[in-house]
Amino acid sequence: MTTVAEQFVHTSRTETDSLGEVAVPADKLWGAQTQRSLEHFSIGRDLMPREMITAYAILKKAAAVANHAGKRLGKQPYTLIVQACDEILAGQHGDMFPLHVWMTGSARSST
């Protein structure tokens, strides 16, 4: 019989940021900074408003379009960013934005 910790090790992947490595559940789309925020700043019950997530998707898609048109963003990253933004705007991946509004204050893990 495996423990919960052992199960997590087998169902996680390692992400890296400026603080080093952190284990992220394998079925999640977020990276190291979001995982750290979840572990250290899960304050309250209020999640990031869906309207903010929609606004970020619109902004990031527009930035990708502008930077691709200006030859500052290659075709592959452009295509992937636009696809992800379109999926978010279509209502997919809502459970991939788990952060509470009361987090670190820097907003780094929400962008």
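Keep in mind that the numbers below use all heavy atoms, side chains included, and drop hydrogens, waters and symmetry copies. Every value quoted in this text rests on a predicted model; they were computed, and no experiment measured them. Positions are given from 1 along the sequence.
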Using 0.5 Å steps for rounding, measure from the [atom1] atom of [X] to the [atom2] atom of [Y].
X: Thr54; Y: Leu59; atom1: OG1; atom2: CG; answer: 12.5 Å
X: Ile58; Y: Ile53; atom1: CD1; atom2: CD1; answer: 12.5 Å
X: Phe41; Y: His100; atom1: CZ; atom2: NE2; answer: 13.0 Å
X: Leu38; Y: Leu99; atom1: CG; atom2: CG; answer: 5.0 Å

Handout entry: Co-membership, hydrophobic cluster, residues Tyr56 and Leu47, 4.5 Å side-chain
Key = no
Handout entry: Where Lys28 and Arg13 come nearest, the two heavy atoms and their spacing
Key = O-NH1, 2.9 Å
Handout entry: 4.5 Å side-chain heavy-atom contact, Glu15 and Gln35
Key = no
Practice task
Would you check if Arg50 and Phe97 make a side-chain contact, meaning some heavy-atom pair closer than 4.5 Å?
Solution key: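 In contact.
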Could you list the donor-acceptor pairs under 3.5 angstrom formed between side-chain atoms of residues 17-27 and any protein atom two or more places apart in sequence or on another chain?
| unit_1 | atom_1 | unit_2 | atom_2 | d |
| --- | --- | --- | --- | --- |
| Asp17 | OD1 | Leu19 | N | 2.9 |
| Asp17 | OD1 | Gly20 | N | 3.4 |
| Asp17 | OD1 | Arg36 | NE | 3.2 |
| Asp17 | OD1 | Arg36 | NH2 | 3.0 |
| Asp17 | OD2 | Arg36 | NE | 2.9 |

Report all side-chain donor-acceptor pairs from residues 74-89 shorter than 3.5 Å, counting only partners two or more places apart or in another chain.
| unit_1 | atom_1 | unit_2 | atom_2 | d |
| --- | --- | --- | --- | --- |
| Thr79 | OG1 | Lys75 | O | 2.8 |
| Gln83 | NE2 | Glu87 | OE2 | 3.1 |
| Asp86 | OD1 | Lys61 | NZ | 2.5 |
| Glu87 | OE1 | His93 | NE2 | 2.7 |

Fill in the blank from the handout: Sequence neighbours excluded, the answer for side chain to side chain contact (heavy atoms under 4.5 Å, CB included) partners of Asp46 is Val101, Trp102
Exercise for the section: Only counting residues at least two apart or in another chain, list the ones meeting side chain to side chain contact (heavy atoms under 4.5 Å, CB included) with Asn67. Expected result: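 For Asn67, the residues satisfying side chain to side chain contact (heavy atoms under 4.5 Å, CB included) (neighbours in sequence not counted) are Ala63, Arg72, Leu73.
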